[in-house]
Number of protein chains: 2
Amino acid sequence: MTYSPDEFRERLREAGLSVTAQRLALGRLIFSDGDRHVNAEQLRAEAAAARVKVSLATIYNTLRQFAAADMLREVAVDAGRSYFDTNLTEHHHFFHEDEGRLEDIPADSLTVSGLPVAPDGTGIHRVDVIVRVRTNSSEI
Amino acid sequence: MTYSPDEFRERLREAGLSVTAQRLALGRLIFSDGDRHVNAEQLRAEAAAARVKVSLATIYNTLRQFAAADMLREVAVDAGRSYFDTNLTEHHHFFHEDEGRLEDIPADSLTVSGLPVAPDGTGIHRVDVIVRVRTNSSEI
DNA sequence: GTGTTTGCAAAGTGTTTGCAATTTA
DNA sequence: TAAATTGCAAACACTTTGCAAACAC
């Protein structure tokens, strides 16, 4: 996902969030570069590198708020950390277990067929496919 | 998965784990009832209910050791908790988001086709399909 | 001006670890 | 009796929260 500065302000307003320096700065870091995956710690490092002054608490709150506003999608791959994806279209993920890194798999290169009916009283909210990959042990 | 008492002792030895009262008791709780999903907190509650004396630290260590010994498979569905599955055969999961509960989807009722090649230098370790379901909002 | 947001530090959750006492092999 | 395991409490990683000061509208 990518927003123009104006679109992004607009998007914040739609979400009922006021336009603050922190949200603009984090939004720029998160959304300026096409589809990507972030977690709080990475974002803190990027903010530091870009000399953006934001507290870690605000980073967490912002990620949560953006996810609640459907500007980010949370991806559960690791019991330890939360990852957020800027790509909101249907697609799946490679998870590099060695590096703790996510990579998109375009929706059309992978098909889930024969999806079972959801158990009684429930409806399908989402289907996540995580292809866990590992670095090949070096060969001769 | 289910083990007879002797099989279970044997399985522990294969894994290089000594046979202790705690591992037997937890093993009984985990593996006595066909395929199931556990997390540490649930197991603690079950142990308490069964008047099994085990510390929470031992529960965590045991779950980790059983997973390392391929007696359990860890399933990542939630950034908060770790879930462990006794079903080691190929299959997938419903995750009941409202209840934080896993349910098996038999392997043959769902097919993933067109699996992409793993990125250069990596190999596929596992493919996890999580079908996230939610309780239907009550209708009129 | 009023309500929202920020940042800090403190608290919270789930998990791991150091170490003395206990148990297993 | 040597090595492994347990339980406790302390430490840990990640995340959330309470509240006063700062900011948006």
Side-chain angles (χ1 to χ4, degrees), chain A residues 5-6 8-27 29 37-48 51-69 71-72 74-84 100-102, chain B residues 5-6 8-27 29 37-48 51-69 71-72 74-84 100-102:
Chain A
D6 282 359
F8 187 67
R9 287 179 141 83
E10 174 57 20
R11 198 65 199 73
L12 286 177
R13 284 196 206 90
E14 278 173 30
L17 298 170
S18 18
V19 177
T20 68
Q22 287 84 341
R23 297 212 261 245
L24 288 176
L26 292 177
L29 291 172
H37 306 93
V38 243
N39 65 39
E41 206 46 53
Q42 276 169 29
L43 197 50
R44 194 185 56 77
E46 290 181 28
R51 280 179 203 61
V52 168
K53 268 198 56 185
V54 215
S55 73
L56 191 54
T58 296
I59 290 178
Y60 276 108
N61 288 335
T62 302
L63 287 173
R64 205 151 27 86
Q65 289 156 346
F66 286 4
M71 299 164 68
L72 289 175
E74 190 167 357
V75 185
V77 276
D78 182 330
R81 285 176 223 304
S82 288
Y83 289 78
F84 296 88
R101 184 170 59 81
L102 281 167
Chain B
D6 281 357
F8 187 68
R9 286 179 142 82
E10 174 57 20
R11 198 66 198 71
L12 286 178
R13 283 195 208 91
E14 278 172 31
L17 298 169
S18 19
V19 177
T20 68
Q22 287 85 340
R23 296 212 259 246
L24 288 175
L26 293 176
L29 291 171
H37 307 93
V38 243
N39 64 40
E41 205 45 53
Q42 276 169 30
L43 197 50
R44 195 187 56 78
E46 289 181 28
R51 279 179 205 61
V52 169
K53 269 198 56 184
V54 215
S55 73
L56 192 53
T58 297
I59 290 178
Y60 275 106
N61 288 335
T62 303
L63 287 172
R64 206 152 25 88
Q65 290 157 345
F66 286 5
M71 301 163 69
L72 289 175
E74 189 167 358
V75 185
V77 276
D78 183 331
R81 287 176 221 304
S82 289
Y83 289 79
F84 296 87
R101 184 170 59 80
L102 280 167

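Labels below follow one simple rule: chain letters A, B, ... track the order of the sequence lines, proteins then strands, and each chain is numbered from 1. In this text the structure is predicted, and so the values were computed from the model without any measurement.
- Taking a 4.0 Å limit (strictly below) on heavy-atom distances, residues 11-22 of chain A reaches DNA chain C at A:Leu17, A:Ser18, A:Thr20, A:Gln22.
- Listed by chain and residue number, A:Glu74, A:Ser82 satisfy the side chain to side chain contact (heavy atoms under 4.5 Å, CB included) test with B:Ala79 (two or more places apart in sequence, or in another chain).
- Between the side chain of A:Tyr83 and the backbone N or O of A:Asp78, no donor-acceptor pair lies under 3.5 Å.
- Contacts of B:Arg9 classified as salt bridge (Lys or Arg N to Asp or Glu O under 4.0 Å), with partners at least two apart in sequence or in another chain: none.
- One interatomic measurement links the two molecules: CG of B:Leu56 to P of D:dG7, which rounds to 11 Å at whole-angstrom precision.
- Chain B approaches DNA chain C over the interval C:dG14 to C:dA25, counting the first and last nucleotide 5' to 3' with an atom under 4.0 Å from its heavy atoms.
- We find that OH of A:Tyr60 is positioned 5 Å from C1' of D:dT15, with the value rounded to whole Å.
- Judged as a side chain to side chain donor-acceptor pair (under 3.5 Å), and not counting sequence neighbours, the contacts of B:Glu46 are B:Arg36.
- The residue among B:Ala79 and B:Thr58 whose nearest nucleotide of DNA chain D lies closer to the 5′ end is B:Thr58.
- Atoms CZ and CD, from A:Arg44 and A:Glu41 in turn, are 4.0 Å apart once rounded to the nearest 0.5 Å.
- Listed by residue number, the members of residues 62-69 of chain B with any heavy atom below 4.0 angstrom from DNA chain D form an empty set.
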**Study point:** Dot-bracket encoding of pairs in DNA chain D, which uses [ ] for pseudoknotted crossings and | for another strand, Watson-Crick or G-U under 3.5 angstrom
**Key:** |||||||||||||||||||||||||

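- Here A:Ala47 pairs with A:Leu29, A:Val52, A:Val54 under the side chain to side chain contact (heavy atoms under 4.5 Å, CB included) rule; sequence neighbours left out.
- With rounding to whole Å, A:Gln42 atom CD is found 11 Å from D:dT15 atom P.
- The closest side-chain heavy-atom distance from A:Phe8 to A:Met71 is below 4.5 Å.
- As rounded to whole Å, 15 Å separates atom P of D:dC23 from atom CG of A:Leu24.
- In this structure, B:Asn39 and A:Ala57 both approach DNA chain C, and ranking their closest nucleotides by distance from the 5' end singles out A:Ala57.
- Residue B:Lys53 contributes atom NZ, which lies 10 Å from atom C1' of D:dT6 at whole-angstrom precision.
- One atom, CZ of A:Arg44, and another, P of D:dC14, lie 10 Å apart when rounded to the nearest Å.
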Tabulate below the donor-acceptor pairs under 3.5 Å that side-chain atoms of residues 55-69 of chain A make, not counting sequence neighbours, or state none.
{"unit_1": "A:Ser55", "atom_1": "OG", "unit_2": "A:Thr58", "atom_2": "N", "d": "3.2"}
{"unit_1": "A:Ser55", "atom_1": "OG", "unit_2": "A:Thr58", "atom_2": "OG1", "d": "3.1"}
{"unit_1": "A:Asn61", "atom_1": "OD1", "unit_2": "A:Arg64", "atom_2": "NH2", "d": "2.7"}
{"unit_1": "A:Asn61", "atom_1": "ND2", "unit_2": "A:Ala57", "atom_2": "O", "d": "3.3"}
{"unit_1": "A:Thr62", "atom_1": "OG1", "unit_2": "A:Thr58", "atom_2": "O", "d": "2.6"}
{"unit_1": "A:Gln65", "atom_1": "OE1", "unit_2": "A:Arg23", "atom_2": "NH1", "d": "3.0"}

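- Look at CZ on A:Arg23: it is 10 Å from C1' on D:dA24, rounded to the nearest Å.
- Take B:Arg81 and apply the salt bridge (Lys or Arg N to Asp or Glu O under 4.0 Å) test, not counting sequence neighbours, and it matches no residue.
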